[in-house]
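Treat the numbers as computed from the prediction; the structure is a model and nothing was measured. Index from 1, following the sequence. Values reported hereafter were calculated over all heavy atoms of this structure, with side chains retained and with hydrogens, waters and symmetry mates removed.
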Amino acid sequence: MVGLLRSILRYGGVLLVMGLLWKAAALALGGVILPHPEDALVALIQAMGTSLFWEHFMTSAYRATAAMALAWVVAFPLGLVMGSMKRVDAVLAPFVFLTYPVPKIVLLPIFLLLLGLGDTSKIAMIALILGYQILVTTRDGVRSIHPKYYDSVRSLGGSRWDVLREVLLPAALPHGFTALRLGTGVSVAVLFFVESFATTRGLGYMIMDAWGAMDYLTMFTGILGMSIMGAALYEAANILERKACKWMFLRSKD
């Protein structure tokens, strides 16, 4: 309960500062291209009373959540294997690090051709970009484990399962969740890009459609909606990390 209150106060303080800066910029620009924050807030509240807004919001939330889940399910185990098995790492690491710097977003036209214009191509694009971050971070986290931890478990008669449970997972999970949490911003940014064309649903489409019609209040409604979704995904990743890595937070309290 205390943690929830702290999060509310933290977000409230940030929103207050951003609102004041937004208000100053709106006054400087005349409030036409950049609406006043109170006007945008009223427009958001009104939009939240319509089914159309929630259709866009839930479509974007589904795409982002499915992509993050897919990236985790594929990349985290692979990073765990690469970090703990030198032979596998020797084979896969060159492919990973040679392709890692390539901007994956340029592959979007290929994804659209192969997977169609629906949700599958968009989810796959986001998952690919986020998956690389989770994979590399998890793999490096496992490789940083000191050999004495392996020896400690094995000297007590521990099996491979014991090594996985007592050594590998405690070392890899914090790194994987850090990548997932920081990747929420990347996921939302890529989501906006993939929704800006070849679709008629999603907050990205809503923003670009309103921008083309010079309906700036609706455009900022979509921007605020996407910001709320990004913050919710970030907090969800935080909660998952606290559930999966309880020992870290118990240690921090001590």
Side-chain angles (χ1 to χ4, degrees), residues 53 55-80 82 92-141 175-213 216 218-238 240:
F53 173 82
E55 181 182 351
H56 289 307
F57 186 92
M58 295 308 296
T59 298
S60 294
Y62 163 70
R63 289 167 177 166
T65 305
M68 291 173 68
L70 177 61
W72 177 269
V73 168
V74 175
F76 181 77
L78 186 57
L80 200 64
M82 288 178 62
L92 297 182
F95 292 97
V96 172
F97 291 104
L98 282 174
T99 57
Y100 183 78
V102 177
K104 315 301 182 301
I105 197 66
V106 301
L107 301 176
L108 181 59
I110 299 175
F111 275 58
L112 293 174
L113 287 173
L114 295 177
L115 302 177
L117 302 179
D119 291 342
T120 304
S121 57
K122 297 171 178 59
I123 291 171
M125 186 78 262
I126 300 169
L128 177 66
I129 294 173
L130 180 58
Y132 265 84
Q133 298 180 11
I134 296 173
L135 170 61
V136 172
T137 306
T138 302
R139 178 248 187 196
D140 290 347
H175 292 276
F177 276 111
T178 296
L180 182 67
R181 189 173 66 250
L182 297 179
T184 55
V186 176
S187 299
V188 174
V190 177
L191 176 68
F192 168 73
F193 184 84
V194 299
E195 287 185 342
S196 61
F197 61 94
T199 186
T200 57
R201 293 185 302 164
L203 291 173
Y205 166 78
M206 178 182 175
I207 293 169
M208 296 304 295
D209 184 61
W211 174 68
Y216 299 119
T218 301
M219 181 182 76
F220 274 91
T221 297
I223 292 172
L224 291 174
M226 190 161 275
S227 301
I228 292 170
M229 185 187 67
L233 290 173
Y234 185 89
E235 286 302 322
N238 261 337
L240 288 174

Evaluate side chain to side chain contact (heavy atoms under 4.5 Å, CB included) for T59 paired with Y205, printing each intermediate quantity in order.
-> CA-CA 11 Å; T59 298; Y205 166 78; over 6 Å; no

For T137 and L182, run side chain to side chain contact (heavy atoms under 4.5 Å, CB included): C-alpha distance rounded to whole Å, both residues' side-chain angles, the deciding distance at 0.1 Å, then the answer.
-> CA-CA 11 Å; T137 306; L182 297 179; over 6 Å; no

Would you please test T99 and Y132 for side chain to side chain contact (heavy atoms under 4.5 Å, CB included) and show each step?
-> CA-CA 9 Å; T99 57; Y132 265 84; 2.6 Å; yes

Test L130 against V186 for side chain to side chain contact (heavy atoms under 4.5 Å, CB included), laying out the working first.
-> CA-CA 7 Å; L130 180 58; V186 176; 5.6 Å; no

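F192 contributes atom CZ, which lies 10.5 Å from atom CG of L203 (distance to the nearest 0.5 angstrom). Rounded to the nearest 0.5 angstrom, T199 OG1 and H56 NE2 are separated by 9.0 Å. A distance of 9.0 Å separates CE of M82 from CG of D140, quoted to the nearest 0.5 Å. Distance check: L107 CG to L112 CG gives 11.0 Å after rounding to the nearest 0.5 Å. Put simply, CD1 on I223 and CE on M206 are 10.0 Å apart, with the number rounded to the nearest 0.5 Å. Of the inter-residue distances, the one linking T138 atom OG1 with F177 atom CZ reads 10.0 Å to the nearest 0.5 angstrom.
Pairing each heavy atom of G204 with each of S60, the nearest pair is N-OG, 4.4 Å. Taking each heavy atom of L180 and M68 in turn, the nearest pair found is CD1-CE, 3.8 Å. Taking both residues in full, the closest heavy atoms of A127 and A71 are given as O-CB, 3.6 Å, listed atom of the first, atom of the second, then distance. For the pair S121 and F111, the tightest heavy-atom approach, listed with the atom from each and the gap, is CB-O, 3.6 Å. Here the closest non-hydrogen pair linking P109 and V106 is CD-O, 3.3 Å. The two atoms that bring S196 and M208 nearest to each other are CB-CG, 3.6 Å, heavy atoms only.
Q133 has its side chain within reach of Y100: a pair of non-hydrogen atoms, C-beta onward, lies under 4.5 Å apart. Using a 4.5 Å heavy-atom cutoff, the side chains of M229 and V188 are in contact. Considering only heavy atoms from C-beta on, L108 comes within 4.5 Å of F193 through its side chain.
Sequence neighbours left out, the pairs with a member in residues 119-135 that pass salt bridge (charged side-chain N to carboxylate O under 4.0 Å, His left out) are R63-D119.
For R181, the salt bridge (Lys or Arg N to Asp or Glu O under 4.0 Å) partners at least two apart in sequence or on another chain are E241.
Taking a 6.0 Å sphere around CZ of F97, one finds it holds more than 12 heavy atoms contributed by other residues, nucleotides or ligands.
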